[in-house]
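Here's the structure we're looking at; comments come further down.
Protein chains get the first letters and strands the later ones, always in sequence-line order, with residue 1 at the start of each.
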Amino acid sequence: MAITKRRTAELAKQVFEYAPAPESTDHIKIEPHYDLFIGGRMVAAHSKKRFPTINPATEEKLSEVVEADEIDVDKAVKAAGKAFDSWSRLAPSRRARYLFRISRLLQERARELAVVETMDGGKPIKESRDVDIPLSAAHFFYYAGWADKLEWAFPNRKPRPLGVAGQVIPWNFPLLMLAWKIAPALAAGNTVVLKPAETTPLSAMLFADICQQAELPPGVVNIVTGAGKTGSMVISHPGVKKVAFTGSTEVGKLIQRSLAGSGKRLTLELGGKAANIVFEDAPLDAAIEGIVNGIYFNQGHVCCAGSRLLVQESIAEPLLEKLKLRLGTLRLGDPLDKNTDIGAINSKAQLEKIEGMVESGVEEGAELFQPECKLPERGFWFPPTLFTNVSQSYRIAREEIFGPVLSVLTFRTPAEAVEKANNTPYGLSAGVWTDKGSRILWMAERMRAGVVWANTFNRFDPSSPFGGYKESGFGREGGLHGLLPYVELN
Amino acid sequence: MAPAADVAKYAAGLEVGTLMDVRKTYKLFIGGEFVRSESGRAYRFDGSINVPRGSRKDLRDAIRAARTAFPGWAARTAMNRGQILYRAAEMLDGRRAQFVEVLGGGRTASREVESAVDALIWYAGWTDKLAQVAGNTNPVSGPYFNFTIPEPTGVVGIIAPEDPALAGLVRRVAPALCGGNTVVVLAPEAAPLPALTLAEVLATSDVPGGVVNVIGGYHRELLPWLAAHMDVNAIDTAGCTPEELTAIEKAAAENVKRVIKSPPGELSPQLITAFMEMKTVWHPIGV
């Protein structure tokens, strides 16, 4: 390969010299500690246990939250159960208005939410500002409109709410995942108990404030913080009628098993190992951007990340050359800097997991490429990484890494691409890059995945259903289909 | 019991042309073939008729046949699948008398056959309409064309209900086939004949071999393996006891199987999509 690490770095320096452009944080107010949001207000927890939530880019403590115990969870579920009676009977048009209100408040407080999201989770501000928060607001706006139109969503059926929904969400898109869970649940007339991820509870705490600002009836939304144990208390509580979980396939299986025989409705949005397939006729520059967006967006902490690049053999060499150059221009650093492309890894545990997987890739014989990249001294960081010479049997080609690590494989024929892309227990997403329309549809038809991005990647919209095939889970979030998990059809 | 003299006459072949049953050997239906259980075992569900007592190996063979048949069946045009389901209704209707007898005769049995035929025709008509009702184009905020279509989930295990043994089974198999899945049916232990006989209808309806497979035998020997099998995508629990359901749900988690628990009599497009995945495709719009 003609491109050396040094040349990439030099080039990056020449072309992309940026002055620091940090987003201001002086308008942000983070409490030193947060209680639980139960019955419409922040209440002192029964549990005396608290744990810190830190900024992964600096390792500084931002705040402390409660590790809710059984009694706290019980209180939250009871509050939700009590609220269900009136919320489910409230005129649907009034339910809609509350959701519209929430959506507007999210827009009004967008920057505050974006900054907190970035501080608590490590993602670049340009992503939280331009993706997470606007999409969260849009999600509430979209489902607000469904609240009084449910009969049109399910013709010939009588949709009814299920009751209390217990929802457990991940740390990669904290507020967006909250929106994906709460908006359709409320629109359909359910009430919720939500547990945010232990490393990213703060935007949920702000959301609790927004619920109060919106004067949402007490108990319709309850938020309990904690780790896996608290989450498991939420989903196993007998008062919970519907469980929605987004997270790893491993935990998803545990949940599915634990709910056996409970009669609870369940939707799971789990892991992925998406193939991003580039054919020789693809517009190369667009494909490069798509590959970068596919795996380095949000540090690769994306369940639908395009973590396996399948490139047609005939263009592998020029494509990789360009891709490696492009990696050298990615700016890693302060997530609050508006020019940052790659922020901090969400937690120490996740960093260790990524490091372990990368180590396994090297051990198994893959060839590692990382651009010259200065990592900040404090915080959790991992440079954009690319593996070539990867065999399908390697762990880095089979297991979800959930980090900025791309495994490159090649193929010769479309049939081989299909075979390799589908050769995984996952089935969340896939990408196809080609100039040929009929081939796009041919490939899209054959991808065993819930979302197929053709000549684009990692696009999301509230009206667009999202969810997996196979071990990537079941049920859809977003769109008309996202209502189904929250209604009973009579 | 015939008088001893008659028996003697028949035995001697004295009355040539006397009606006499050609008894049917009930068999499993795997990969389009009627086979005995590889285990060589049988059981008498009613104390007299032998039915094959399928083994784990039979079950695995059936799942493999279903997996092999899946891409072809899923790739059939929706209209073609509709025609084949309709053909199955024709064949079932043509064997009405046989099924009424299998179901014990009388008006109830006759009504049940009628309702099974109805279900086949109803779902036959859904094959080429479902995507128009359950699919969408989605008005996303950006220059993208975005659509969602239902696709079959893959291999589906169906625990056939005991009562109504025919209509109950058809009401689960038809929607699964309608959506393009292939199926492994576990016949009810105590009432296996309608399921085993339905295989004969399907075998003569242009349903490709392996698209529907029917296994008879003991739930306790087969259910746990069907529920835990890594190459089964979904399992319909219409014919399960509550205890079996719990066990199935536990085992199903092994590969995140879809567990379908809708009411036994349900006829609805949502039951078709319960066996399906929603796929959403994005493409930029530009010049």
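Looking at A/F466 and B/T280, their side chains never come closer than 4.5 Å, going by heavy atoms from C-beta outward. Here the side chains of A/R157 and B/Q270 are in contact, with some heavy-atom distance below 4.5 Å. Side-chain contact between A/V452 and B/K279 is present, with at least one heavy-atom pair separated by less than 4.5 Å. In this structure, B/N138 and A/P465 have side chains that are in contact, with non-hydrogen atoms separated by less than 4.5 Å. Looking only at side-chain heavy atoms (C-beta outward), B/E277 and A/F474 stay at 4.5 Å or farther from each other.
Looking only at distances, a side-chain donor or acceptor of A/K253 sits under 3.5 Å from a matching main-chain atom of B/E254. Between the A/H481 side chain and the B/G135 main chain, no donor and acceptor come within less than 3.5 Å of each other. In this structure, A/R459 contributes its side chain and B/V140 its backbone to no donor-acceptor pair below 3.5 Å. Of the possible donor and acceptor atoms, one in the side chain of B/R258 sits under 3.5 Å from a partner among the backbone N and O of A/K470. Judged by distance alone, with hydrogens and angles left aside, the side-chain atoms of B/E249 form a donor-acceptor pair with the main-chain N or O of A/G261 at under 3.5 Å. Within the 3.5 Å criterion, the main-chain N or O of B/S141 finds a donor-acceptor partner in the side chain of A/D461.
At a 4.5 Å heavy-atom cutoff, B/A75 makes no contact with chain A through either its backbone or its side chain. Residue contact with chain B, scored on non-hydrogen atoms closer than 4.5 Å, involves the side chain of A/L270 exclusively. For A/A449, the part lying near chain B is the backbone, with the side chain staying farther off; criterion is any non-hydrogen pair under 4.5 Å. Contact of A/L266 with chain B is not made at all, since no heavy-atom distance falls under 4.5 Å.
When the candidates A/F154, A/W453, A/Y469 are compared by the number of heavy-atom contacts under 4.5 Å with chain B, A/Y469 comes out ahead.
B/N146 and A/S464 are linked by a side-chain donor-acceptor pair at a separation below 3.5 angstrom, with hydrogens and angles left out of the test.
Around CZ of B/R67, the count of heavy atoms belonging to other residues, nucleotides or ligands within 6.0 Å exceeds 12.
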